[in-house]
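Atoms within a ligand are numbered from 1 in the order they appear, just like the ligands themselves. Both backbone and side-chain heavy atoms feed into the values below; hydrogens, waters and symmetry mates do not.
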Amino acid sequence: VSDLDLDKYDADKQVKIICLGDSAVGKSKLMERFLMDGYRPQQLSTYALTLYKYSSTINGQTVLVDFWDTAGQERFRSMHPSYYHKAHACIMVFDVQRKITYKNLPIWYKELREYRPEIPCLVVANKIDADTKVTQKNFSFAKKQGLPFYFVSAADGTNVVKMFKDAVQMALSYKRNSNDFMDEVMRELENFDLDTKEESSDKDEETQEGKPDSA
Ligand SMILES: Nc1nc2c(ncn2[C@@H]2O[C@H](COP(=O)(O)OP(=O)(O)OP(=O)(O)O)[C@@H](O)[C@H]2O)c(=O)[nH]1
Ligand SMILES: [Mg+2]
């Protein structure tokens with residue numbers, strides 16, 4: 001087993017981060033900007049999901065991140081539960097040029113909280129390169145919900161690295177402090193309990209069956 005494989009099984013240092021939001025807000029372009037430091041303006045809408053593996057060294061420790069670049073199109077709705085499953089942080093993106101994508105944030109946020117009530121969520125206003133005055137506008141959703149907020153541009157790279165690095169940090173600290181791991185242990189114990197009960201009831205049956213013979 002290679003070192004990298006070993007790291008993979010160190011539960012503390014692997015996190016899943018999902019990128020959500022309406023179609024064409026720039027989720028894929030942001031991922032490409034961060035991971036490849038590139039930007040191609042043409043649009044190819046994400047089909048279902050694109051998974052990116054990213055690793056980084058923080059304080060001498062390797063951190064492995066699964067980035068889930070999800071599909072914003074309505075027709076992939078049924079996939080949403082799998083996006084949320086076991087995610088450690090969420091990057092929620094809207095497009096400053098299309099107000100409807102901002103208005104839809106509460107819908108995304110509500111759904112996120114149904115599946116993941118506690119994970120950190122970053123609210124991201126993308127495409128600020130298209131309108132320099134937009135950063136003076138008041139997008140109060142994040143503030144109201146008490147969520148961190150970023151103005152970014154996938155096209156020129158403004159704030160993209162900072163936002164993703166913060167997301168990784170938040171995911172890691174969530175994982176360290178959350179009760180997810182204990183929840184899993186408790187579930188295992190509950191199952192174990194059931195198994196032993198079944199076994200003992202089996203034994204009861206055996207002894208009952210045995211009684212007529214011995215009588
Ligand atoms: N001006 C500008 N355009 C952007 C920026 N980011 C993305 N775009 C444009 O927005 C369009 C959609 O970007 P995508 O990254 O494909 O959008 P998406 O959110 O992944 O969409 P789905 O995969 O359908 O959910 C592309 O044509 C990009 O050129 C940006 O920072 N500035
Ligand atoms: Mg996409």
Side-chain angles (χ1 to χ4, degrees), residues 15-54 65-116 119-139 141-142 145 147-168 170-171:
V15 290
K16 168 178 170 180
I17 300 178
I18 51 175
C19 196
L20 297 180
D22 284 2
S23 185
V25 294
K27 299 180 294 296
S28 299
K29 299 294 161 194
L30 284 167
M31 293 296 328
E32 285 166 29
R33 168 59 68 192
F34 178 60
L35 297 171
M36 281 84 93
D37 196 21
Y39 180 82
R40 287 165 291 133
Q42 67 272 32
Q43 176 172 5
L44 226 176
S45 188
T46 303
Y47 187 90
L49 171 73
T50 310
L51 204 88
Y52 293 99
K53 301 265 176 189
Y54 166 80
V65 184
D66 284 340
F67 280 113
W68 288 49
D69 173 19
T70 71
Q73 282 181 43
E74 187 65 31
R75 63 190 174 123
F76 298 111
R77 229 188 135 68
S78 63
M79 295 198 68
H80 291 189
S82 64
Y83 298 161
Y84 298 117
H85 184 66
K86 290 191 172 181
H88 300 102
C90 171
I91 297 168
M92 195 169 275
V93 187
F94 71 97
D95 175 349
V96 292
Q97 291 190 290
R98 284 184 301 138
K99 199 158 190 174
I100 183 68
T101 67
Y102 174 71
K103 288 201 161 165
N104 284 337
L105 286 184
I107 299 169
W108 284 107
Y109 190 64
K110 184 168 179 282
E111 192 183 72
L112 167 73
R113 287 309 181 214
E114 276 161 22
Y115 289 88
R116 302 297 279 151
I119 64 169
C121 176
L122 296 74
V123 179
V124 173
N126 188 35
K127 310 197 188 181
I128 60 162
D129 57 283
D131 173 5
T132 47
K133 288 201 196 101
V134 81
T135 52
Q136 285 153 32
K137 274 195 193 159
N138 186 24
F139 296 102
F141 172 77
Q145 301 292 338
L147 304 172
F149 178 77
Y150 298 80
F151 280 114
V152 307
S153 164
D156 68 17
T158 304
N159 240 349
V160 173
V161 172
K162 158 95 177 118
M163 182 275 286
F164 275 99
K165 293 214 157 157
D166 285 359
V168 172
M170 287 178 212

If we only count heavy atoms from C-beta on, is the [X] to [Y] side-chain gap below 4.5 Å?
X: C121; Y: R113; result: yes
X: N104; Y: K99; result: no
X: Y39; Y: D156; result: no
X: V93; Y: N126; result: yes
X: R116; Y: Y83; result: no
X: T50; Y: M31; result: no
X: F67; Y: V168; result: yes

Completion exercise
Protein N/O/S atoms closer than 2.8 Å to the Mg ion (ligand 2), ordered by chain and number, come to S28 OG, T46 OG1

Is [X] close to ligand 1, meaning an N/O of one under 3.5 Å from an N/O of the other?
X: Q73; value: no
X: T46; value: yes
X: A71; value: no
X: G72; value: yes
X: G21; value: no

Fill in the blank from the handout: If we number the atoms of ligand 1 from 1 as shown, the ones under 4.0 Å from a heavy atom of S45 are 22 (P), 23 (O), 24 (O)

Problem - Which of the ligand 1 atoms, numbered from 1, are nearer than 4.0 Å to a heavy atom of S153 - result: 31 (O)

So which protein heavy atom does [atom] come closest to, and at what separation?
atom: atom 31 (O) of ligand 1; answer: A154 N, 2.8 Å
atom: atom 4 (C) of ligand 1; answer: Y39 OH, 3.0 Å
atom: atom 15 (O) of ligand 1; answer: K29 N, 2.8 Å
atom: atom 26 (C) of ligand 1; answer: P41 O, 3.6 Å
atom: atom 6 (N) of ligand 1; answer: N126 ND2, 3.2 Å
atom: atom 32 (N) of ligand 1; answer: D129 OD1, 2.7 Å
atom: atom 16 (O) of ligand 1; answer: Q43 CG, 4.0 Å
atom: atom 10 (O) of ligand 1; answer: K127 NZ, 2.9 Å

Practice task
Return yes if some donor-acceptor pair links the side-chain N/O of K16 with the main-chain N/O of W68 below 3.5 Å, else return no.
Solution key: no

Handout entry: Any donor-acceptor N/O pair, K27 side chain to D22 backbone, under 3.5 Å
Key = yes

Practice task
Any chance you could measure K29, atom NZ, to K127, atom NZ, to the nearest 0.5 Å?
Solution key: 10.0 Å

Problem - Option from Y84, F141, F94 for which ring pair (Phe, Tyr, Trp, His ring centres under 6.0 Å) with Y109 holds - result: F141

Exercise for the section: Name the option, out of A155, G26, S28, C19, that contains the heavy atom nearest to atom 17 (O) of ligand 1. Expected result: G26

Exercise for the section: Go through the structure and list residues passing side-chain contact (heavy atoms from CB on, under 4.5 Å) with V161, not counting sequence neighbours. Expected result: F34, K165

Exercise for the section: Could you tell me whether D156 approaches ligand 1 through its side chain, its backbone, both or neither, with non-hydrogen atoms closer than 4.0 Å? Expected result: neither

Completion exercise
Here the pair of heavy atoms bringing V96 nearest to A125 is CG1-CB, 3.6 Å

Fill in the blank from the handout: Checking L49, I17, T46, I91 against D69 for side-chain contact (heavy atoms from CB on, under 4.5 Å), the one that qualifies is T46

